[in-house]
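Okay, structure first, notes after.
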Amino acid sequence: MAILDIINVPDPLLKTVSDPVDEVDDQLRRFMDDMLETMYAAPGIGLAAIQVGVAKRVIVLDISAEDEENTPVYFVNPEITWESEEMSVFNEGCLSVPEHYADVERPASVKIKYLDYHGKAHEEKLDGLLATCVQHEIDHLDGIVFIDYLSRLKRMMIIKKVQKATKDSVVL
Ligand code: NI
């Protein structure tokens, strides 16, 4: 396994609409293993392939608590097939927008269909944090980052701070 480089805003790659995966094969599974290792190392609870520069519709997540065993989940070609009318608000962050958080309102529950790590098709209803995480990550596959939901002023301010922090840091 390998730790991959995570790209930050305002990298234009983050605006890419990612392509569906044709087949879940060993090569893709190796890539998903690398994505998961990258996410754990960051550390984060969700990662979309485009955040490591790969425009494929693949996300990995693990929302288990720190004192629980890891429970990674993999979603290939995830599609939202239903959204609840009820909304919920979570304070979201993103590995591509380090150190910045904002409240984002999204449907509280969604149904999604996707292929798992082995290429098997599923359709499931998700609630709570998992529903929000999956929507945040599917947004990445459509070129949307959570700061796109904020005012232009707020977004520009965050991007400038991320750029400055990246410029000032020494990565060894
Ligand atoms: Ni994100």
Side-chain angles (χ1 to χ4, degrees), residues 2-21 28 31-66 70-80 83 87-110 112 114-115 117 124 126-152 154-166 169 171:
I3 293 180
L4 309 168
D5 284 332
I6 297 177
I7 58 176
N8 289 346
V9 290
D11 192 316
L13 262 181
L14 290 168
K15 303 249 180 223
T16 310
V17 176
S18 295
D19 297 320
V21 169
L28 187 79
F31 173 60
M32 290 195 284
D33 292 343
D34 288 345
M35 279 180 67
L36 194 75
E37 194 184 5
T38 303
M39 183 190 83
Y40 284 142
I45 59 172
L47 188 70
I50 196 62
Q51 293 180 274
V52 293
V54 177
K56 284 184 181 168
R57 301 190 80 82
V58 177
I59 63 185
V60 297
L61 286 170
D62 187 339
I63 60 157
S64 59
E66 266 175 53
N70 288 347
T71 45
V73 272
Y74 310 83
F75 299 95
V76 177
N77 298 340
E79 254 179 78
I80 293 172
E83 298 176 343
M87 305 292 278
S88 66
V89 175
F90 277 89
N91 195 247
E92 296 189 17
C94 179
L95 291 176
S96 295
V97 192
E99 319 259 316
H100 292 274
Y101 304 88
D103 282 350
V104 179
E105 187 181 48
R106 301 180 186 273
S109 313
V110 289
I112 62 160
Y114 65 95
L115 304 176
Y117 189 80
E124 272 167 28
L126 309 175
D127 308 287
L129 179 61
L130 190 54
T132 286
C133 283
V134 164
Q135 291 175 79
H136 173 118
E137 302 307 335
I138 290 178
D139 270 356
H140 277 301
L141 306 184
D142 294 322
I144 299 164
V145 180
F146 81 96
I147 55 171
D148 293 333
Y149 296 111
L150 310 179
S151 70
R152 185 184 150 78
K154 187 110 201 269
R155 182 167 60 248
M156 296 318 289
M157 201 183 73
I158 290 175
I159 288 173
K160 262 193 207 151
K161 282 188 183 161
V162 170
Q163 271 179 313
K164 186 166 184 301
T166 311
S169 63
V171 181

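Order of listing sets the numbers, starting from 1, for every ligand and every atom in it. Computed from a prediction, not measured in an experiment: that's the story for all the values here.
The aromatic rings of Phe75 and Tyr114 sit perpendicular to each other, their planes meeting at more than 60°, with 30° as the lower class boundary.
Judged by distance alone, the side chain of Gln135 and the main-chain N or O of Ala131 form a donor-acceptor pair under 3.5 Å. Asp34 places a side-chain N or O within 3.5 Å of a backbone atom of Ala2 that can act as its donor or acceptor partner.
Two residues are said to be in side-chain contact when any heavy atoms from C-beta on lie closer than 4.5 Å; Glu137 and Leu61 meet this criterion.
Atoms CZ and CD1, from Arg152 and Ile159 in turn, are 9.0 Å apart once rounded to the nearest 0.5 Å.
For the 3.5 Å distance criterion, the side chains of Tyr149 and Asp103 fail to qualify, holding no donor opposite an acceptor.
Counting only distances under 2.8 Å, and ignoring water, the protein N, O or S atoms around the Ni ion (ligand 1) are Cys94 SG, His136 NE2, His140 NE2.
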